Amino acid sequence: MKNRNYIHLFANCLITKGISRSVICDLQRSKYVLIPNSFADLFSKQRYYNLKEAPRIFDQENLSIFHEYVAVLKDHNFIFSCSKKELKRFPQLQLKFEYPAKITNAIIDFDKNSNTTIKDIIQYFLIPYNCRHIQIRCFEDMDSIFFDTLITEINHCFIKSVEFIIKDSFEQDYTQIMKWVENNRKIKSLVLHSSQENKVIQKENYGFGIVVTTRQKITSESHCGIIHPDYFNITIESYTESLCYNSCLNRKISIDKSGNIKNCPSMKQSFGNIKSIKTLDSIIENPDFNKYWTISKDKIETCMYCEFRYICIDCRAYLETPENIYSKPQKCGYDPFTNKWKWDYESFTK
Amino acid sequence: MEKKIKIYIQHYINDNLKDLPFIARFWDIEVIPTKSSNPINPITYGHFKTEGAYAIPFYKPISKIVILSILNEE
Amino acid sequence: MKKASIIIQSQSFDSSTDTVLMWLYYYGNFNKIHLFFNDYAIENFSLLFSDQKKKAVKINNIPINKCSFWYRRGEYKITSNHRNKSFRKNLEKVALVPLISYLNSFFHFNLINRFNDNFINKVTVLEHCLDLNIKIPNTLITTNSDELNVFLSENKMIITKSIQNPFFSLNINQNYKAYFSTPTQLVTLKDIPKSSCSFSPSFFQKYIPKQFEIRSFYLNGIFKSMVIFSQQNEKTKIDYRNYDHKNPNRCVPYILPKKLEKKLHQLMLRLKLNCGSFDIIYTPEGEYYFLEINPVGQFQWLSRNCNYSIEKTIAKTILKNGKKDKNLYSALYK
């Protein structure tokens with residue numbers, strides 16, 4: 001038997017160090033665990049540790065704390081044992097964000113006056129850029145024919161998933177809506193806002209088909225930008241993207257209810273209108289448009305000190321200091337220096 | 001009905017061990033009605049010409065407009 | 001350089017095909033993509049060898065000898081519509097089957113796998129490993145329980161598997177289908193009948209204790225490996241394919257020793273295979289044991305778990321017009 005006295009972090013368990021504490025992100029099982037910075041520092045230069053070294057470095061008290069934390073790592077299945085010779089067999093995870101699309105996701109807002117056809121949007125603004133995931137939002141009542149037309153086009157084309165955030169019109173009873181969602185399986189979620197109660201109407205089926213009503217009155221795009229652990233993402237794609245790119249706006253396009261093309265509907269600057277242009281090529285190349293794509297968390301004030309920065313989402317539209325594009329998102333209530341949330345959200349440990 | 005067929009097959013295997021490979025006694029048998037084998041409603045992907053039995057979500061939220069904790073209120 | 005015309009032979013339900021297509025559309029520098037999906041019907045066929053060196057082969061008017069080719073799944077179908085059943089069967093035997101066989105082994109100038117790779121003989125593969133000094137578990141194929149008993153006493157712990165494809169199905173009647181699967185199984189003394197008996201040829205190997213298992217994807221000489229820590233979970237200990245969905249095994253990147261990669265590369269050359277996945281066991285003593293090659297296996301989970309973007313590599317390979325790979329071409333045909 002080989003002498004396996006090294007403990008080695010699995011390549012998909014990555015430590016993010018914050019100003020006051022650290023997080024181990026388990027990218028395979030989508031969870032995270034909090035650890036003190038002193039422990040995280042043991043792995044700052046390499047992802048393994050020789051257990052034989054510990055008694056030489058730590059005094060008795062610290063040694064028992066050290067072993068406690070090693071036990072935590074073992075419990076969560078974050079580490080494995082190996083020998084010195086085996087170390088070189090376990091490379092780091094490649095951290096490059098590689099996604100085969102120039103535009104990865106799109107938000108499309110509609111209201112009664114929107115003079116745009118989904119067919120044109122798909123043909124000119126989604127297909128050429130390999131954009132296969134969209135979110136459709138309606139702040140006012142829309143008739144059901146509108147949604148039927150939408151979903152027919154979506155079903156036939158290469159789109160993989162669509163999320164709906166629409167107003168509860170109380171016209172149709174929920175069983176009809178549930179059936180509609182069940183029959184159109186690309187629908188990931190349907191959120192009916194401005195409703196009477198917060199309720200899960202239909203549970204998800206393998207992550208799709210969830211129907212929910214909410215009392216939230218989402219009357220405009222200004223309601224967007226919520227930063228909350230419910231939106232945390234712990235996957236290889238989201239993590240590698242966060243390291244270099246903006247976790248919300250990177251490769252995102254939006255078409256607001258008047259047909260204006262923006263980074264997101266909550267941002268002021270429009271780069272053209274779909275009525276007059278038939279390609280996004282020049283918009284994507286426009287530095288005023290794509291400058292947001294590379295504003296990663298490490299460049300954003302306060303976020304750069306936060307232990308959750310690579311699993312969190314971002315918002316460049318609603319900022320604490322609006323004139324500064326590197327400002328912290330306005331709707332984030334967390335302070336990484338005190339580890340406290342300003343607003344009364346429930347405990348978020350998973 | 002599926003259970004009956006499975007038992008019948010298992011008996012057949014036990015009676016014919018010498019004509020079957022050794023591993024036959026360990027075979028996992030699953031009996032499925034043929035009508036349910038193809039999804040009635042496959043998801044199609046337009047010009048890609050590919051299809052899927054299940055839909056595939058995006059890896060992160062597209063916007064952050066809905067307070068998600070309502071899902072936990074149940 | 002001329003843009004590639006591409007043929008992808010696969011199944012419409014295969015998600016790695018969808019991902020490769022996405023990469024192809026993302027790069028965009030191709031002439032045309034032809035999709036031969038599922039049971040692909042050959043309606044028109046033409047083959048012309050002329051002037052001592054010209055070759056023109058067309059399926060449904062597509063010049064297949066001028067296209068980059070990726071075989072993932074699916075098969076060609078060409079049938080005779082002749083009304084008489086025995087006439088039809090004979091026609092298929094003398095004309096259509098040989099033609100399909102030619103197409104299934106057709107060597108495109110730039111290819112990744114061919115249909116016939118599905119039928120690489122597992123026993124032949126193990127034999128090549130012996131010749132190339134690649135460690136394999138002691139292996140027995142026998143029809144006799146006495147021989148099996150001797151093998152068990154010599155090797156202490158043995159397992160049994162099926163010789164070739166472990167999954168098959170039987171139509172019970174119009175309405176039901178039975179699916180048989182054979183995950184790897186430990187064989188103990190009590191499983192073997194006391195008195196001598198026989199059975200149809202069965203496959204046994206010495207049980208190799210695992211520190212962990214390795215799945216390695218090979219394409220044109222490059223290895224992308226992943227380690228599967230299956231020993232931490234009782235369910236997956238014998239065969240990691242006995243999935244535990246609640247607590248999935250840890251799968252992370254791995255680097256095989258160069259010495260082993262060189263031998264495995266030689267094995268691929270001998271088998272005339274340019275793409276496939278290896279299943280390897282790493283023992284607590286630090287030895288590598290070859291289990292099998294899967295010529296057209298799943299690589300999506302390697303791509304996803306290790307961020308390898310194998311689909312991107314496949315797309316890039318397909319888009320090359322084959323100029324660089326002339327060396328591999330001659331090596332494969334030596």
Side-chain angles (χ1 to χ4, degrees), chain A residues 1-4 8-14 26-31 47 74-104 126-133 158 160 206 235-241 243 251 281, chain C residues 15-16 18-28 209 211-212 214 216 223-233 244-258 260-261 280 282-288 301-316:
Chain A
M1 276 284 191
K2 287 189 160 220
N3 208 354
R4 295 192 165 96
H8 199 306
L9 277 167
F10 286 110
N12 48 27
C13 296
L14 294 161
D26 182 342
L27 302 182
Q28 186 175 355
R29 299 185 188 149
S30 287
K31 68 176 202 206
R47 304 174 44 74
K74 263 209 178 109
D75 271 341
H76 287 284
N77 195 220
F78 288 159
I79 51 170
F80 63 96
S81 308
C82 70
S83 68
K84 192 168 184 192
K85 258 183 124 182
E86 288 167 347
L87 291 174
K88 56 179 178 284
R89 300 270 150 247
F90 299 98
Q92 269 189 40
L93 193 67
Q94 268 174 208
L95 292 173
K96 219 176 161 208
F97 174 69
E98 296 192 305
Y99 198 98
K102 293 202 174 100
I103 297 289
T104 60
L126 299 182
I127 288 181
Y129 308 98
N130 263 355
C131 177
R132 303 176 77 179
H133 297 278
F158 78 153
K160 278 184 169 173
Y206 290 103
T235 64
I236 289 184
E237 289 112 323
S238 54
Y239 191 94
T240 53
E241 187 177 33
L243 292 174
R251 307 197 205 177
D281 287 350
Chain C
S15 56
S16 41
D18 186 283
T19 311
V20 169
L21 278 169
M22 241 181 124
W23 281 105
L24 289 171
Y25 282 114
Y26 176 68
Y27 287 122
Q211 183 67 11
F212 42 73
I214 296 162
S216 188
F223 291 82
K224 297 240 163 93
S225 310
M226 176 173 85
V227 52
I228 303 151
F229 284 83
S230 53
Q231 298 311 286
Q232 298 162 327
N233 187 330
D244 184 343
H245 288 284
K246 275 202 189 142
N247 225 0
N249 288 329
R250 279 289 178 204
C251 298
V252 292
Y254 191 82
I255 300 179
L256 287 172
K258 273 276 173 271
L260 179 59
E261 284 188 359
I280 296 166
Y282 181 81
T283 66
E285 272 74 40
E287 295 181 308
Y288 294 90
W301 62 317
L302 262 91
S303 234
R304 290 209 178 127
N305 279 306
C306 302
N307 205 25
Y308 278 149
S309 300
I310 290 175
E311 296 84 356
K312 175 181 168 186
T313 312
I314 289 177
K316 280 184 133 172

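Note that this is a predicted model, so its numbers are computed, not measured. Here is how names work: the chains are called A, B, and so on, in the same order as the sequence lines, proteins then strands, and each is numbered from 1.
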(message) Please classify the contact of A/Y129 with chain C as side chain, backbone, both or neither, using a heavy-atom distance under 4.5 Å.
(response) neither

(request) Could you tell me the separation between the CG atom of A/N3 and the NZ atom of A/K84, rounded to the nearest 0.5 Å? (result) 11.5 Å

(message) Is the ring pair A/H8/A/F80 parallel, tilted or perpendicular, if the boundaries are 30 and 60 degrees?
(response) parallel

(message) Out of A/T240, A/I236, A/T235, return the one with the most heavy atom pairs under 4.5 angstrom to chain C.
(response) A/I236

(message) Using a 4.5 angstrom heavy-atom cutoff, name the option from C/G28, C/C251, C/C306 with the most pairs to chain A.
(response) C/C251

(request) Scan residues 91-102 of chain A for pairs that pass salt bridge (charged side-chain N to carboxylate O under 4.0 Å, His left out), counting only residues two or more places apart or in two chains. (result) A/K96-A/E98, A/E98-C/K312

(request) Tell me, for C/Y27 versus chain A, whether the close heavy atoms (under 4.5 Å) come from the side chain, the backbone, both or neither. (result) neither

(message) Given heavy-atom pairs under 4.5 angstrom as the criterion, report whether the side chain, backbone, both or neither of A/C13 touches chain C.
(response) side chain

(message) Is A/L95 close to chain C through its backbone or its side chain, or both, or neither, when contacts mean heavy atoms under 4.5 Å?
(response) backbone

(message) For C/Y254 and C/F212, I'd like to know if the aromatic rings sit close, meaning centre-to-centre distance below 6.0 Å.
(response) yes

(request) Identify, with sequence neighbours excluded, every residue that meets side chain to side chain contact (heavy atoms under 4.5 Å, CB included) alongside A/S83. (result) A/K2, A/R4, A/K85, A/E86

(request) Please state whether the side chain, the backbone, both or neither of C/L256 comes within less than 4.5 Å of a heavy atom of chain A. (result) backbone

(message) Please tell me whether A/Y239 and A/F97 form a close aromatic pair, meaning their ring centres lie under 6.0 Å apart.
(response) no

(request) Using non-hydrogen atoms and a 4.5 Å limit, figure out which bit of C/T283 sits close to chain A: side chain, backbone, both or neither. (result) backbone

